[in-house]
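Encoded as C-alpha cells, the structure appears first; notes follow it.
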Amino acid sequence: MKKFMNDPSSFEADMLEGILLAHGDELEALDPDRRALVRRQAPSAGKVGLVTGGGSGHLPLFLGYVGQGMLDGVAVGDVFASPSAMVMLEVTRRVNSGSGVLYLYGNYGGDVLNFDMAAEMATDEGIEVESVVGIDDVASAPKGEESRRRGIAGLFYLYKLAGAKAELGASLAEVKEVAEKAIARTRSMGVALSPCYLPSTGQASFAIGPDEMEVGMGIHGEPGMERLPIEQSHQLVSRLLEPMVQELSLGAGDQVSVLVNGLGATSREELYIVYRDVHRWLANFGIEVLLPYIGEFATSLEMSGMSVSILSLEDELVELLAHPCDTPFWRQCR
Amino acid sequence: MKKFMNDPSSFEADMLEGILLAHGDELEALDPDRRALVRRQAPSAGKVGLVTGGGSGHLPLFLGYVGQGMLDGVAVGDVFASPSAMVMLEVTRRVNSGSGVLYLYGNYGGDVLNFDMAAEMATDEGIEVESVVGIDDVASAPKGEESRRRGIAGLFYLYKLAGAKAELGASLAEVKEVAEKAIARTRSMGVALSPCYLPSTGQASFAIGPDEMEVGMGIHGEPGMERLPIEQSHQLVSRLLEPMVQELSLGAGDQVSVLVNGLGATSREELYIVYRDVHRWLANFGIEVLLPYIGEFATSLEMSGMSVSILSLEDELVELLAHPCDTPFWRQCR
Amino acid sequence: MTVPQSASEVVDMLICLAHLVEDTAEELGALDASLGDGDLGVTMRKGFTAIETKLSDPELSVVHPGDVLVLAGTTMASVAPSTLGTLLGFGFVKAGKKVADKESLDGAAWSVIWRTIVDSIATQGKAQRGDKTILDALVPGAEAFDSALERGDSVEEAALEAYVAARQGFEDTARMQARQGRAGRYYEHSVGYKDAGARMGALIFQAFSRSEQAS
Amino acid sequence: MTVPQSASEVVDMLICLAHLVEDTAEELGALDASLGDGDLGVTMRKGFTAIETKLSDPELSVVHPGDVLVLAGTTMASVAPSTLGTLLGFGFVKAGKKVADKESLDGAAWSVIWRTIVDSIATQGKAQRGDKTILDALVPGAEAFDSALERGDSVEEAALEAYVAARQGFEDTARMQARQGRAGRYYEHSVGYKDAGARMGALIFQAFSRSEQAS
Ligand SMILES: Nc1ncnc2c1ncn2[C@@H]1O[C@H](COP(=O)(O)OP(=O)(O)O)[C@@H](O)[C@H]1O
Ligand SMILES: Nc1ncnc2c1ncn2[C@@H]1O[C@H](COP(=O)(O)OP(=O)(O)O)[C@@H](O)[C@H]1O
Ligand SMILES: [Mg+2]
Ligand SMILES: [Mg+2]
Ligand SMILES: [Mg+2]
Ligand SMILES: [Mg+2]
C-alpha cells in the first residue's frame with residue numbers, strides 16, 4: 001500500500017482538516033474533531049433539514065453533498081465505519097429549523113443502528129425526524145428482499161432529488177415522499193477490478209486475479225454475485241443493465257438518468273467508454289437518457305472499478321434533478 | 001492491465017463518442033471522428049476564441065475545459081499523442097469571430113509543431129492567431145531553461161484566467177497578456193507512485209518499486225528528478241513547495257491559489273490530506289491561500305500520484321479566477 | 001467478591017471490565033474475523049479505554065450508580081459506534097436511566113438493569129435469542145440471575161450463576177446459524193464458529209460477578 | 001529505374017516508399033525505442049498506408065505532380081501527427097506547392113523539392129544538420145543530388161548518389177549527440193545509437209532512386 005498520508009491513525013482527522021481548510025466558506029464543523037459538519041447557513045428558515053452520514057473513504061460521499069440544493073448536514077465516521085448517534089444528534093439539532101429533519105443514508109448495519117438511535121433521541125427532544133434508507137444495489141440481495149440491499153452510488157440521486165425538493169420549500173412529508181420515490185426508481189450495480197487498502201492496516205480489502213472482475217461487489221469490498229474473467233465494456237454493460245431495467249420495468253419511450261460512477265482508480269476515459277455503451281444499449285430498447293452523470297460520486301478509496309445507476313424519470317424528477325445545486329463536490333449552475 | 005474498454009484500437013473513438021453523447025448539449029464535434037470539438041455557441045460575437053489541444057488520456061485535460069467562461073475549442077489527439085494541425089485549423093476557423101484566436105496548450109514537441117503549423121495556415125487564411133504555451137512543471141528543466149519545461153496541471157489556471165478575461169470582452173492582446181501573466185505566476189510539481197498502462201499496448205509507462213516514489217515525473221511517465229522512498233505527506237509537501245515558492249518569490253502577506261491534482265488512481269481523501277499540509281506549510285510562512293482547487297484536473301490515465309500547483313495572485317487574477325464558468329468538467333456557479 | 005452497589009463500586013466494576021476487554025481483545029478480534037470484519041477487539045478496547053479514562057477522572061462526581069452506567073454507555077456509543085458498540089452503549093444508557101433514582105443497587109435493581117440492556121439490544125438490533133449474537137450470552141445470564149434470586153440465593157451467588165450461564169451461552173453459539181449483522185450473510189456456513197459479541201456478553205457478567213475464575 | 005516526372009510516376013514513387021516503410025517498420029520502431037518513444041514504425045506505417053490508399057483511389061485525378069506531393073503531405077500530417085509525421089507532412093506540402101505549376105519534374109524541380117523539404121523541416125523543427133535528426137540524412141542526400149547534377153550526371157545517377165549519401169548520413173548519426181525531440185533529453189547518452197528519423201530520410205531517397213540495392 002502506497003498512500004499520500006501522515007500517520008495512518010490521523011488519516012480521517014487530516015483529511016477532514018484539509019476539507020475544512022479548503023471549504024470553510026461553505027462548511028462548518030460543530031465539534032473539534034470535525035465529525036459533525038453542516039452548511040454554514042443552516043438552519044434555513046422554514047426548510048426541512050436533510051442529514052446524511054456514514055463511514056469515510058467514499059468521497060464525495062457522504063460529506064461532499066452538503067451544500068445549497070442538496071444536504072444540510074453530515075455525520076462523519078472513521079474509514080468504513082459508522083459515525084456515532086451523538087454526532088448525528090448534534091447535526092440534527094443544528095439543521096432543524098422547526099420544519100423537521102429527514103435522514104438519508106445507505107443501508108449498512110452500523111449506520112442504521114446509529115441513525116435510529118439519533119432519531120429516538122432527537123424525537124425525545126421534540127424534533128420531528130423521518131428516515132429514508134438507500135437500497136439501490138441490486139447485487140446485494142435478490143428481488144423480494146430489497147430491504148436487505150446496500151446503498152451505493154444511487155444515493156446521489158436520493159440526495160439530489162430530496163435536496164431540490166426541500167430547497168423548493170416542501171414539507172417534511174413531501175420531501176420524504178420524493179425520497180421514497182427516488183428509492184423506488186433507482187437501481188445500481190457495480191464491478192470491481194482491484195481492491196482498496198485500509199489506511200490503518202494496509203490490508204487489501206479483497207484478493208482478485210489479474211484477469212478477473214467481481215460483479216456486484218460492494219463499496220467496502222463486500223462480496224459480489226460472480227467472479228468472472230474481465231470482458232469488453234459493451235458486454236459488461238449489458239450484464240449490468242439487464243436486471244436493473246427489468247426491475248424498473250423500463251421500455252421504449254421511457255426516460256432515465258444514468259450515473260456512471262468510478263470507484264477510485266478507474267480513469268475518466270474508461271467511464272465515458274462505459275457511458276457510451278450504456279447509452280447505446282438503452283437507445284437500442286428505445287429508452288432515452290436525460291441528464292447523465294459521469295465521474296466519481298461514491299468511491300471506495302483507491303479501488304479500481306465502477307458502478308452504473310439508473311433513475312427512472314417522470315416529470316417532477318426531471319425538474320428536481322435539473323434544479324441547480326452548489327456543494328463543494330458537486331455543482332450544477334443556473 | 002485491466003480496463004473497462006472495448007477493442008483497444010477504438011479507445012479514443014469510444015471515449016469521444018461517450019463524451020459527445022453525454023455532453024452534446026454543450027459540445028459539438030466538427031468532424032465525424034470527433035477530433036475537433038467546440039462550444040455549441042462558438043463563435044461568440046466579438047469574443048477572442050480560445051483553443052487548446054493535446055493527446056488523450058489526461059481527462060479533464062484537454063477537452064474538459066471547453067465551455068462557458070473557459071475555452072472555445074479543442075483538438076483531440078490519440079492517447080498521449082498530438083492532434084494534427086489540420087484538426088487545429090478546423091477548430092480555429094470555427095471559433096474565430098473576427099477578434100482573433102489564442103492557442104493555449106502544454107509544451108510538448110508534437111503539440112508545439114502542430115500548433116505552429118496550424119497558426120501558419122490560419123494566418124494564411126487571414127485569421128489572427130497568437131500562442132501561449134504552458135511550462136509550469138519546475139521538475140522538467142532547471143531555472144533559466146523555463147522554455148524547455150513541460151506543461152502539467154497548471155494549465156488549468158491558464159485556461160481559467162484567459163477564459164475569464166476573454167469572456168469579459170478583452171482583446172486578443174489583452175487576453176494574451178493575462179495568459180502570459182498566468183504562465184509567469186504558476187509553478188507545479190508532481191509525484192508518481194505507480195505507472196499507467198497504454199490501452200494500445202498494455203505496457204506500463206514505467207517501473208517503480210513498492211515503497212518508492214518518483215518526484216517530478218511528467219504526466220506521460222517522463223522521468224522525474226529523483227527516485228526516493230515514499231515519505232509522509234507533510235515531508236513530501238515541503239519538498240515540492242520549496243522550489244516553487246522560491247521561484248515565485250513568495251513571502252509573508254502574499255496570496256496564492258493552490259491546485260492539488262490527482263493523477264488518476266489517488267483517492268480524494270489523500271488529496272485533501274496533501275492540501276492540509278500545503279495549507280499549513282504556506283500559512284507557516286504567512287502565505288494565504290484563496291480559492292483552492294482539489295481534485296482531478298490533469299490526469300495520466302490510471303496513474304497513482306498527484307501534483308501541486310501554485311498560482312501567485314494579484315487583484316485582477318483573483319477576480320478572473322473567481323469568475324463563473326460552466327464546462328462539462330468544471331463548473332463554478334454564481 | 002461483592003456485587004457493586006454504590007456509584008463508586010459500579011465504577012470499579014466497569015474498570016474491571018475494561019481490563020478484561022484489554023486482556024481478551026485479541027480473542028474478540030479473531031472471533032469477529034471469522035464471521036465479521038474482525039474489528040470487535042479494536043472497537044471494544046477503544047470504547048472501554050475511553051470509559052476507563054472518563055471514570056478515572058478525579059474531577060468526576062457522580063452520586064447515582066445509574067449515572068455511571070449512562071456515562072459509560074454514552075462514551076461507548078460515541079467513541080466506538082460499531083454495531084456492538086452502539087447496541088451496548090445505548091443498552092447501558094437505558095439501563096442507567098431506568099435506575100436513575102437509586103442511590104444503591106440491590107438485586108432487584110440489577111435485575112432491572114440486565115433486562116433493560118437485553119430489551120434495548122433486542123429492540124434496536126431487531127434480534128432475539130438464537131440469532132447468534134451477544135443476546136445469546138446476555139439472555140441466559142439475565143435469566144440465571146433472576147432465577148437464582150427467586151430461589152433465594154444471595155446477590156453474589158446469583159451473579160456467579162449469571163456469569164456461568166452467560167459463558168455457556170457463548171459456547172452454545174457455535175451450534176447456531178447467524179441471523180444478524182455481517183455474520184448473517186454466511187447463512188448455514190456460520191455454524192461451527194462462536195459469536196464474538198456473545199464472548200463480550202460473557203465478559204460483562206464476569207466483571208459483574210467479579211469472578212476470578214479463568215475466562 | 002527512372003526518376004519520377006509525371007504525376008502518376010510520383011504516385012508510383014510514393015507507393016514504393018509506402019512499401020519500403022512497411023518492410024522497415026519494425027526497424028524504425030526499434031531505433032525510435034532506443035532514444036524516443038518507439039512509435040515511429042507505427043506512425044510512419046499509418047501515414048504511408050493512408051497515403052497509399054488515397055493515391056490508389058481510381059477516382060483520383062491529379063494532373064500536376066506537385067499536387068500529389070501536397071496530397072501525400074496533407075494525409076501524413078493528418079493521420080500521423082507525431083513529430084516526424086508533422087515535419088515530413090508539411091515538408092511535402094510545401095515542396096508540392098513550390099512546383100505547383102509544373103506538369104513534369106526535371107532534375108532542377110527535384111532539387112527545389114528536396115531543398116524545400118529540408119528547409120521546411122529545419123525551420124519548423126528549429127533544427128540543423130548535426131542535431132541527429134532526419135535532416136542528417138536529408139541534407140547530405142539533397143546536397144549529393146545537387147552536386148551530381150552540377151557535375152553533369154543524369155538525374156538517375158544523381159538520385160542514386162543522393163540515396164547513397166542519405167544512407168551514409170543515417171549511419172553517421174551514431175556518432176552524434178541528439179539535440180532535438182525526445183532523444184535530446186539523453187544528452188551525451190544518445191551517442192552510439194542511430195537516429196530513427198534519419199533512417200526514414202534514407203528510405204525516402206531510396207524510393208526516389210528506385211534503388212533495388214539492399215537497404
Ligand atoms: N442486529 C444485531 N442485534 C444484536 N447483536 C448484533 C446484531 N448484529 C450484530 N450483533 C452482534 O455484534 C457483534 C459484532 O459487532 P461489531 O464488530 O461491532 O459489528 P460490525 O463490525 O459489523 O459493526 C456480533 O458478533 C453480534 O454478537
Ligand atoms: N525538432 C526536430 N527537428 C527535426 N527532426 C526532429 C526533431 N525532433 C525529432 N526529430 C526527428 O523525429 C524523429 C522522431 O519522430 P517521432 O517518433 O514522430 O517523434 P515523437 O514520437 O517524439 O513525436 C527523430 O528520430 C528525429 O529524426
Ligand atoms: Mg465487527
Ligand atoms: Mg466494524
Ligand atoms: Mg517517436
Ligand atoms: Mg510519439
Side-chain angles (χ1 to χ4, degrees), chain A residues 2-7 11-12 14-19 21-22 56-57 59-60 64 68 79 191 193-194 196 199 210-213 230 232-234 236 264-277 279-280 289 292 294-296 299 301-302 304 306 324 326 329 331-334, chain B residues 2-7 11-12 14-19 21-23 56-57 59-60 64 79 191 193-194 196 199 210-213 230 232-234 236 264-277 279-280 289 292 294-296 299 301-302 304 306 324 326 329 331-334:
Chain A
K2 284 197 275 194
K3 281 191 204 290
F4 296 111
M5 61 177 176
N6 297 300
D7 191 321
F11 188 86
E12 294 89 350
D14 289 356
M15 169 197 75
L16 290 167
E17 186 182 341
I19 287 176
L21 285 172
S56 290
L59 282 178
Q68 193 193 311
V79 169
V191 190
L193 300 184
S194 78
C196 62
D211 297 315
E212 289 180 329
M213 61 179 183
I230 187 164
Q232 292 210 340
S233 164
H234 69 274
L236 176 57
T266 295
S267 70
R268 220 128 14 143
E269 283 78 8
E270 292 166 78
L271 298 181
Y272 275 96
I273 292 175
V274 169
Y275 177 70
R276 164 200 182 262
D277 292 323
H279 190 107
R280 281 171 161 242
V289 182
I294 297 108
E296 293 187 354
T299 63
L301 295 168
E302 74 280 65
S304 165
M306 60 91 189
D326 200 359
F329 289 75
R331 307 191 194 275
Q332 280 179 210
C333 309
R334 259 156 316 177
Chain B
K2 284 198 274 195
K3 280 189 203 291
F4 296 111
M5 62 177 177
N6 298 301
D7 190 320
F11 188 86
E12 293 90 348
D14 290 355
M15 168 196 76
L16 289 167
E17 187 182 339
I19 287 176
L21 286 173
H23 305 297
S56 291
L59 284 178
V79 169
V191 189
L193 300 185
S194 78
C196 61
D211 297 315
E212 288 180 329
M213 61 178 185
I230 187 165
Q232 294 211 337
S233 164
H234 69 274
L236 175 57
T266 295
S267 70
R268 217 118 29 133
E269 283 79 8
E270 292 165 78
L271 299 181
Y272 275 96
I273 291 176
V274 169
Y275 177 70
R276 164 200 183 259
D277 292 322
H279 190 109
R280 282 172 160 241
V289 183
I294 298 109
E296 293 186 353
T299 63
L301 294 169
E302 74 280 66
S304 165
M306 60 91 191
D326 200 0
F329 290 75
R331 306 191 193 276
Q332 279 179 211
C333 308
R334 258 156 316 179

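Order of the sequence lines sets the chain letters (A, B, ...), proteins ahead of strands, with each chain counted from 1.
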field: Pairs of heavy atoms under 4.5 Å with chain B: top-ranked of A/Met5, A/Gln68, A/Glu302
entry: A/Met5
message: Among residues at least two apart in sequence or on other chains, which ones pass ring pair (Phe, Tyr, Trp, His ring centres under 6.0 Å) with B/Phe329?
response: A/Tyr272, B/His23
query: Which pair of heavy atoms, one from A/Lys2 and one from B/Glu212, lies closest together, and at what distance?
result: NZ-O, 2.8 Å
field: Partner chain B: residue of A/Thr266, A/Ile19, A/Val191, A/Leu301 with the largest heavy-atom pair count (under 4.5 Å)
entry: A/Ile19
task: With a 4.5 Å cut-off on heavy-atom pairs, point out which of A/Glu296, A/Met213, A/Arg331 contacts chain B the most.
output: A/Arg331
message: Counting only non-hydrogen atoms closer than 4.5 Å, does B/Glu12 touch chain A with its backbone (N, CA, C, O), its side chain (CB onward), both, or neither?
response: neither
field: Heavy-atom closest pair, residues A/Lys3 and B/Glu270
entry: CA-OE1, 3.1 Å
task: Determine the minimum heavy-atom distance between B/Ala22 and A/Pro292, stating which atoms define it.
output: O-CG, 3.7 Å
task: With the side chain counted from C-beta on, respond yes when B/Arg268 and A/Pro60 share a heavy-atom pair under 4.5 Å apart, and no when they do not.
output: yes
- prompt: Can you tell me if A/Asn6 uses its side chain to pair, donor with acceptor, with the backbone of B/Ser233 under 3.5 Å?
  reply: yes
task: Heavy-atom distances under 4.5 Å only: say whether B/Leu236 touches chain A with side chain, backbone, both or neither.
output: side chain
query: Picking from A/Val79, A/Asp277, A/Ile294, which has the most non-hydrogen pairs under 4.5 angstrom with chain B?
result: A/Asp277
Region of B/Pro324 in contact with chain A, defined by heavy-atom distances below 4.5 Å: neither
- request: Go through the atoms of B/Leu21 and report whether side chain, backbone, both or neither lie under 4.5 Å from a heavy atom of chain A.
  value: both
- prompt: Can you tell which of A/Gly57, A/Gly64, A/Ser267 has the highest number of heavy-atom pairs within less than 4.5 Å of chain B?
  reply: A/Gly57
field: Residue among A/Leu193, A/Leu271, A/Ile273 satisfying side-chain contact (heavy atoms from CB on, under 4.5 Å) with B/Phe4
entry: A/Leu193
- line: For A/His234, the ring pair (Phe, Tyr, Trp, His ring centres under 6.0 Å) test, sequence neighbours excluded, returns none
- prompt: How far apart are the closest heavy atoms of B/Glu269 and A/Met15, and which atoms are they?
  reply: CG-SD, 3.3 Å
